[in-house]
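To keep things clear, I will list the structure first and then write my remarks on it.
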Amino acid sequence: MARLVIVSNRVPVPRPRERPQAGGLAVALKEALATREALWFGWSGQTGPRTGGEPTIVTIGQTTFATIDLSAEDYRLYYTGFSNGMLWPLLHYRMGLAEFRREEWEGYRRVNAAFAQALVPLLREDDTIWVHDFHLFPLAAALRAAGARQRIGFFLHVPFPPLPLFRALPQCNILLRELAACDLVGTQTETDAANLREGLRSAGFDVPVRAFPIGIDAEEFAREAERAVRGPEARRLAGSLGGRALILGVDRLDYSKGLPQRLRGFAALLRRFPEHRGRVTLLQVAPVSRGDVGQYRALRRELDELAGRINGEHGDIDWVPVRWMTRAVPRATLAGFHRLARVGLVTPMRDGMNLVAKEFVAAQDEADPGVLVLSCFAGAADELKGAILVNPHDPDEIAEGLNAALVMPASERRARWTADIAVLRRNSAAAWAEGFLAALAEHAAEPARAGGW
Ligand code: ADQ
């Protein structure tokens, strides 16, 4: 089997004597990497005197990890600036939060060119290259310019907005042209695929774009949850609830996740459905991410205040309605919390997929499953038909969804869960990776594109 080359912004290089890193792309690609030789290339996560240079190489089993550093200046321009300050909000339909600066755009393209320069010498002729996410839109073109003729696939983990919105980016056509150097582009949903296809066509390119919804290893996560629910943290949490129903939110602290609206939805539940007062607890875990972007600091302040206000207004001497944690909790521990929860509350304003929603379903006890209340704007809503779908902009709709979940009879909970778990088992992480790679092999073999870009 030909070697697989993964390229992503960050590379999860396993550290000696540590458990393999959980979460993210490493979990999704676990099986794809277990069955073939692979090279995983990207940024080390460190800043150094300059961007690029000789990659640091670590080989573990069949996988070689190759990483380069970024200069502090490029970290600011490429990562904090253009990727997180411009592309992230734009791709999540939040144009008002996007900040464009020409020097950041230039830094972004410079880092992509440096990635290509460092990667090309490591490539073999029959490698298959799979590029991940919005940090690396221009990489395929940069690789072609540096001489790479291998097949290249690209997968976008986040949404792609309708074209009139994407056009807010001054260099949108350059970005689309550079993406068109791939042989196949994958998105999370059909909507994202249609939007991106339209964008590419409007710029004069006809690259195949197809939806490949990312999955999880549901069986593995269920085993983790069964183990963790008997562990000390889950037992401590269960004991502290005093028989109250647990509503659980798990996210990175990010404005795409709809956290203020979610807290307002919970407050609306307590106001409009007073029978739940004193009988439910919302635990929201949201560790700080991207703390060096101003908007994220402002979001944290807003949430601190909101959680405090809800507790002040609704709390009682023996009941704190909202438990709000910005500390990180290990993924395995969270699996146990999911299993304890009566309701999983996942209400992003916009999300490529949202794997937390899938993990919540996977973690449930089949005899007595909890209910997922899910934003209709998460990619996962296309697959998880057993969830109660809500519009995350409307706190009243969130409250009604929560109430419906809390009063739902066990037979209906089991029916909804059974439908969703079947989808998760079928659309697994392994099926996602193999599906994309098979499609890439097919498309790259087409004579029209075989000559390269
Ligand atoms: P993210 O925006 O990071 O990912 P998500 O899919 O929800 O979002 O989570 C990815 C992983 O991180 C999951 O395994 C989850 O358990 C873990 N995670 C999330 N919050 C956590 C927390 N508080 N503590 C510990 N672990 C946590 C991007 C896109 C998503 C897309 C994924 C995968 O934004 O839409 O689903 O990539 O393609």
Side-chain angles (χ1 to χ4, degrees), residues 6 8-10 12 20-30 83-84 87-94 130-136 154-160 186-189 191-192 211-218 220-221 224-225 228 233 248-259 262 283-290 296 300 303 323-339 341 344-363 372 374-375 377-384 424 427-429 432-433 436:
I6 301 288
S8 60
N9 172 54
R10 290 290 296 272
Q21 272 173 299
L25 202 50
V27 171
L29 290 171
K30 198 169 117 194
S83 296
N84 290 342
L87 284 178
W88 178 268
L90 180 68
L91 296 170
H92 286 86
Y93 298 53
R94 300 290 288 275
W130 190 3
V131 180
H132 288 265
D133 231 359
F134 61 98
H135 311 87
L136 302 174
F154 178 91
F155 185 78
L156 183 64
H157 289 258
V158 300
F160 195 87
T187 61
Q188 301 274 25
T189 67
T191 305
D192 300 321
F212 298 87
I214 193 168
I216 62 167
D217 184 339
E220 168 65 32
F221 201 80
E224 191 92 64
E233 289 90 352
L248 180 65
V250 173
D251 307 78
R252 280 186 302 105
L253 186 60
D254 190 290
Y255 51 76
S256 68
K257 304 292 182 186
L259 295 167
R262 188 180 307 175
L283 170 60
Q284 176 64 55
V285 181
V288 174
S289 72
R290 305 178 191 170
Y296 288 71
R300 183 179 179 175
L303 290 164
R323 298 185 188 180
W324 162 236
M325 285 177 63
T326 52
R327 201 159 23 92
V329 178
R331 192 163 164 275
T333 308
L334 287 171
F337 293 1
H338 282 307
R339 198 171 170 93
L345 186 55
V346 184
T347 54
M349 310 309 280
R350 207 41 86 171
D351 219 326
M353 176 54 64
N354 196 301
L355 293 181
V356 173
K358 294 189 168 182
E359 289 164 355
F360 174 80
V361 172
L372 178 64
L374 178 64
S375 162
F377 301 126
D382 283 8
E383 291 168 275
L384 301 178
L424 292 189
N427 299 352
S428 64
W432 166 76
F436 183 90

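These figures come from a predicted structure and were not determined experimentally. Both ligands and their constituent atoms are indexed starting at 1 by order of listing.
Side-chain contact annotation: T326 with R300, donor-acceptor N/O pair under 3.5 Å present.
Which parts of ligand 1 touch L355 is read off a 4.0 Å heavy-atom cut-off, strictly below it: atoms 5 (P), 6 (O), 7 (O), 33 (C), 36 (O). Contact atoms of ligand 1 toward G352: 35 (O) (distance under 4.0 Å to a heavy atom of the residue). Ligand 1 places these atoms under 4.0 Å from at least one heavy atom of K257: 1 (P), 2 (O), 7 (O), 8 (O). With ligand atoms numbered from 1 in the order given, ligand 1 contributes 24 (N), 25 (C) to contacts under 4.0 Å with heavy atoms of V329. Within the listing of ligand 1, atoms 20 (N), 21 (C), 22 (C), 23 (N) sit less than 4.0 angstrom from a heavy atom of V250. Contact atoms of ligand 1 toward W88: 34 (O) (distance under 4.0 Å to a heavy atom of the residue). Those atoms of ligand 1 with a heavy atom of M353 less than 4.0 angstrom away are 30 (C), 31 (C), 35 (O), 36 (O).
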| Derivation and outcome, side-chain hydrogen bond (donor to acceptor under 3.5 Å, both in side chains), residues T347 and R262 | CA-CA 7 Å; T347 54; R262 188 180 307 175; 2.8 Å; yes
| task | Verify salt bridge (charged side-chain N to carboxylate O under 4.0 Å, His left out) between E224 and R331, making sure each step is shown before the conclusion. | result | CA-CA 9 Å; E224 191 92 64; R331 192 163 164 275; 5.2 Å; no
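The option from R350, Q188, R331, R252 that lies nearest to atom 1 (P) of ligand 1, judged by heavy atoms, is R252. Comparing heavy-atom distances from atom 23 (N) of ligand 1 across V158, D251, V356 singles out D251 as nearest. Nearest-residue assignment for atom 26 (N) of ligand 1 (options L334, T326, V27; heavy-atom criterion): L334. Taking only non-hydrogen atoms, the option from H157, R327, E359, H92 nearest to atom 37 (O) of ligand 1 is H157.
For the pair K358 and E383, the salt-bridge criterion is met [side-chain N within less than 4.0 Å of a carboxylate O].
Residues forming a side-chain hydrogen bond (donor to acceptor under 3.5 Å, both in side chains) with T187 (at least two apart in sequence, or on another chain): none. The side-chain hydrogen bond (donor to acceptor under 3.5 Å, both in side chains) test applied to E233 returns no partner, not counting sequence neighbours.
Ring centers of F212 and F155: at least 6.0 Å apart, outside the cut-off.
Using modelled atom types, no side-chain atom of R252 and backbone atom of S289 make a donor-acceptor pair closer than 3.5 Å.
F134 and W88 have tilted rings, their planes meeting at an angle from 30° to 60° on a 0 to 90° scale.
Put simply, no part of A286 is less than 4.0 Å from ligand 1, judged by heavy atoms.
Residue contacts with ligand 1, taken as heavy atom pairs separated by less than 4.0 Å, involve N354 via backbone and side-chain atoms alike.
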